[in-house]
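Let me begin by presenting the structure, written as structure tokens, before commenting on it.
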Number of protein chains: 2
Amino acid sequence: MTLGWEEIRAEVLRRIRVRDWPPGALIPGEEALAEEFGVARATVNRALTALAEAGVIERKKRAGTRVAALPVRRARLEIPVIRLDVLGRGLAYDFRLMADRQVPAPVPVAARLGLPEGQPMRYLETLHLAGGLPFVLETRWLNPAVLPDPPPDFAAVSANEWLVTHVSLVSGDIAFTAEPATPREAEVMGVAPGTPLLVAERTTQGMAGPVTLVRLAHAPGHRVVMTF
Amino acid sequence: MTLGWEEIRAEVLRRIRVRDWPPGALIPGEEALAEEFGVARATVNRALTALAEAGVIERKKRAGTRVAALPVRRARLEIPVIRLDVLGRGLAYDFRLMADRQVPAPVPVAARLGLPEGQPMRYLETLHLAGGLPFVLETRWLNPAVLPDPPPDFAAVSANEWLVTHVSLVSGDIAFTAEPATPREAEVMGVAPGTPLLVAERTTQGMAGPVTLVRLAHAPGHRVVMTF
DNA sequence: CCGGCTAATATGTCTAGACATAATTCAAGT
DNA sequence: ACTTGAATTATGTCTAGACATATTAGCCGG
């Protein structure tokens with residue numbers, strides 16, 4: 001039986017786990033491991049590269065490879081389109097466009113996106129429903145420069161989904177916070193004002209500049225789950 | 001100038017972004033791309049493998065490579081040890097061990113970890129401080145089977161940090177929720193009961209079974225930030 | 001028309017060898 | 001002592017070719 005790179009990764013990981021190679025220790029070079037396992041150096045390299053990406057080891061040219069002393073655990077969050085998220089929970093999906101206006105960007109919004117203050121923006125408020133009940137209230141500021149002419153009908157396709165399929169998003173970030181429901185959120189979602197809501201705030205940048213700032217206020221009890 | 005795999009990845013990504021290759025479309029095979037870019041197939045493979053890991057494309061043997069129709073955006077969360085998280089914010093770190101008891105596992109805890117009900121467990125309550133102010137209240141159930149004899153002094157090293165460096169964690173998950181501060185949390189953290197708190201609940205499994213279930217209640221206003 | 005076998009094909013992985021690059025060590029030279 | 005530069009070394013990447021594996025398309029017999 002001949003070894004593949006995944007088996008080598010597993011074996012190296014095992015030795016780290018049983019503290020054969022304790023945190024901070026230097027592990028043998030690729031050449032030595034290749035000989036030990038009877039494979040080409042490239043195969044060892046593939047395995048170690050994968051472990052480095054996972055944060056288990058740290059590699060430096062000339063200095064060699066060492067076991068990460070304080071392994072940074074990385075969790076991956078897959079952010080699906082809201083519709084698929086709901087369907088994935090076995091619930092019926094629907095949404096309602098609650099507001100759609102052209103408004104000058106308020107200062108905090110403009111600042112977050114790096115746009116001039118007062119720049120006209122599309123403001124959208126969409127309530128996503130799961131099984132007929134409020135699931136997420138989406139409050140979105142959209143840079144109209146990214147929209148085609150004529151603009152899409154966000155009452156037919158949710159802005160969430162239209163953007164994913166029609167705009168090339170380059171980078172962005174998400175921040176999760178716990179916030180008391182605003183009066184508006186309380187009213188729309190049918191909860192008491194001040195109820196703790198899990199809020200995700202996302203900004204995204206496209207190729208041609210800032211695209212959107214969106215606040216997703218999740219219904220009480222919502223859990224965002226990640227595995228590592 | 002000769003092309004490397006990162007440049008090929010960038011070029012393929014560019015073509016996807018400008019919709020040269022729209023979502024759902026089949027892109028040329030590795031052989032064809034290799035010829036076009038004047039590199040070996042392995043180099044193209046390296047580039048495409050990276051894009052597939054990022055969720056931009058989907059690859060299947062025989063069927064070829066196609067642009068992901070609904071690109072699932074993946075965000076990565078790096079979970080540092082709390083001490084480093086605080087120091088990284090430029091604040092002084094300290095912690096206080098508020099409780100340390102041996103208690104039979106309550107049903108929900110035992111169930112979440114897959115341990116028999118009533119199993120004796122170590123219960124730890126640690127308040128982490130940033131700049132002298134409450135930062136996180138850590139409520140931890142720890143499987144004593146993973147502890148050495150004699151057990152470490154969690155008043156000297158926080159359980160959070162001791163576990164990372166001394167126990168090989170194999171897998172686990174994190175869930176974020178927004179919850180009203182319990183009376184205990186309100187008292188310890190100096191906030192009004194019911195204040196929305198961002199709560200992270202983590203379970204981790206080691207090689208020799210379940211390790212710990214921990215609830216991290218973050219001070220109001222805490223943001224968990226991820227980039228993608 | 002359908003089920004199953006077979007051949008074709010694109011990706012997945014491996015090898016052996018080469019050169020590139022970064023980082024460290026150590027020897028000069030000022 | 002301090003700086004500069006060259007040799008060394010481990011990882012990073014690339015090549016050309018090979019075989020492995022999954023999946024599909026098509027053929028063929030019932």
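For clarity, every value in this text was computed on a predicted model and none was experimentally measured. Chain identifiers are assigned alphabetically (A, B, ...) following the order of the sequence lines, protein sequences preceding nucleic acid strands; residue numbering begins at 1 within each chain. Side-chain atoms are counted along with the backbone in the values below, which use heavy atoms only and exclude waters and symmetry mates.
Remark: A:Gly29, A:Glu30 in residues 24-32 of chain A come within less than 4.0 Å of DNA chain D through at least one heavy atom. Residues of residues 41-53 of chain B that place a heavy atom closer than 4.0 Å to DNA chain D, in numerical order, are B:Arg41, B:Ala42, B:Thr43, B:Arg46.
Not one N or O on the side chain of A:Arg76 forms a donor-acceptor pair closer than 3.5 Å with the backbone of B:Arg76. Proximity of a side-chain donor or acceptor of B:Asn143 to a complementary backbone N or O of B:Pro210 within less than 3.5 Å is detected. The main-chain N or O of B:Ala32 is never found under 3.5 Å from a side-chain atom of B:Glu35 such that the two would form a donor-acceptor pair. Of the possible donor and acceptor atoms, one in the side chain of A:Thr49 sits under 3.5 Å from a partner among the backbone N and O of A:Asn45. A donor-acceptor distance shorter than 3.5 angstrom exists from the side chain of A:Asn160 to the backbone of A:Ile82, with no hydrogens or angles considered. B:Arg66 contributes a side-chain N or O that, together with a main-chain N or O of B:Gly24, makes up a donor-acceptor pair within less than 3.5 Å. Using a distance-only test at 3.5 Å, with no hydrogens or angles considered, a donor-acceptor pair links the side chain of A:Thr212 to the main chain of A:Trp141. Formation of a donor-acceptor pair under 3.5 Å by the A:Arg14 side chain with backbone atoms of A:Arg9 is not found in this model. The backbone N or O of A:Glu6 lies less than 3.5 Å from no partner atom in the side chain of A:Arg46, so there is not a single donor-acceptor pair.
For the helix from C:dC1-D:dG30 to C:dT30-D:dA1, the axis fitted to the five pairs at one end and the axis fitted to the five pairs at the other end meet at an angle of 10° (nearest 10 degrees).
Atom CZ in A:Phe37 sits roughly 16 Å away from atom C1' in C:dC14 (whole-Å rounding). The separation between A:Glu35 atom CD and C:dT15 atom C1' is 15 Å, rounded to whole Å. The CD atom of B:Glu6 sits 10 Å away from the C1' atom of D:dT13 (whole-angstrom rounding). For the pair B:Glu58 CD and C:dA10 P, the computed distance is 18 Å after rounding to whole Å. Rounded to an integer number of Å, the gap from B:Arg66 CZ to C:dA10 C1' is 12 Å.
Among residues at least two apart or in separate chains, there is no side-chain hydrogen bond (donor to acceptor under 3.5 Å, both in side chains) pair with a member in residues 217-228 of chain A.
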* Apply side-chain contact (heavy atoms from CB on, under 4.5 Å) to the pair A:Thr203 and A:Asp173, showing each step before the final yes or no. => CA-CA 6 Å; A:Thr203 61; A:Asp173 53 80; 3.1 Å; yes
Using a cutoff of under 3.5 Å, can you pull out all pairs of nitrogen or oxygen atoms linking the protein to nucleotides 20-24 of chain D, with atom names and distances?
from: D:dT24; atom 1: OP1; to: B:Lys60; atom 2: NZ; distance (Å): 3.4
from: D:dT24; atom 1: O2; to: B:Arg62; atom 2: NH1; distance (Å): 3.1

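Salt-bridge annotation for B:Arg112 and B:Glu201: present, with a side-chain N of the basic residue lying under 4.0 Å from a carboxylate O of the acidic one.
Of the side-chain N and O atoms in A:Thr65, one or more sit less than 4.0 angstrom from OP1 or OP2 of D:dT11.
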Listing, residues 55-62 of chain A side-chain donor-acceptor contacts under 3.5 Å, not counting sequence neighbours, or none:
from: A:Arg59; atom 1: NE; to: A:Thr65; atom 2: OG1; distance (Å): 3.3
from: A:Arg59; atom 1: NH1; to: A:Glu30; atom 2: OE2; distance (Å): 3.3
from: A:Arg59; atom 1: NH2; to: A:Glu30; atom 2: OE2; distance (Å): 2.5

